[in-house]
Amino acid sequence: MWLDDEITEADRRFVRAHHPARALLHRVDPYTGLTEADFAVVHRWLREGDGSV
């Protein structure tokens with residue numbers, strides 16, 4: 001799982017190349033930080049397995 005305020009295509013390529021399992025790359029607004037909505041996305045991804053690069 002990767003939570004960051006700047007996720008680029010280079011990051012996505014790196015994860016695809018070096019992480020064989022499913023992965024979640026989720027952008028966090030740098031001005032507000034982690035919010036309940038971000039935690040909900042992470043929780044749903046962990047619970048349902050619907051995340052991907």
Side-chain angles (χ1 to χ4, degrees):
M1 181 179 328
W2 187 328
L3 306 175
D4 201 338
D5 65 343
E6 185 177 334
I7 298 174
T8 67
E9 186 55 35
D11 299 322
R12 290 179 182 88
R13 284 193 306 268
F14 178 85
V15 170
R16 281 193 298 269
H18 300 295
H19 194 303
R22 68 188 188 95
L24 171 67
L25 277 69
H26 178 73
R27 185 184 177 281
V28 174
D29 186 317
Y31 298 105
T32 59
L34 288 168
T35 65
E36 289 298 320
D38 296 312
F39 285 112
V41 168
V42 170
H43 184 257
R44 185 175 58 246
W45 180 79
L46 290 169
R47 187 182 67 239
E48 299 173 2
D50 64 354
S52 61
V53 172

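For the single chain, residues carry numbers from 1 onward in sequence order.
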Between the CG atom in Leu24 and the CZ atom in Arg44, the distance rounded to the nearest 0.5 Å is 9.5 Å
Exercise. Determine yes or no for a side-chain-to-main-chain donor-acceptor pair under 3.5 angstrom, with Arg22 supplying the side chain and Trp45 the backbone.
Key: yes
Residues at least two apart in sequence or cross-chain that pass side chain to side chain donor-acceptor pair (under 3.5 Å) with Asp38, listed by chain then number, are His26, Thr35
Sorted by chain and number, sequence neighbours left out, ring pair (Phe, Tyr, Trp, His ring centres under 6.0 Å) with His18 holds for Phe14
Is any side-chain heavy atom of Asp29 closer than 4.5 Å to one of Asp5? no
Review point. When you look at Asp11 and Glu6, which way does the side-chain contact (heavy atoms from CB on, under 4.5 Å) test go after all the steps?
Key: CA-CA 9 Å; Asp11 299 322; Glu6 185 177 334; 5.8 Å; no
Applying ring pair (Phe, Tyr, Trp, His ring centres under 6.0 Å) to Phe39 and not counting sequence neighbours gives none
Rounding to 0.5 Å, atoms CG (Leu25) and CZ (Arg27) come to a distance of 13.0 Å
When rounded to the nearest 0.5 Å, the distance separating NE2 of His43 from CD of Glu36 is 11.5 Å
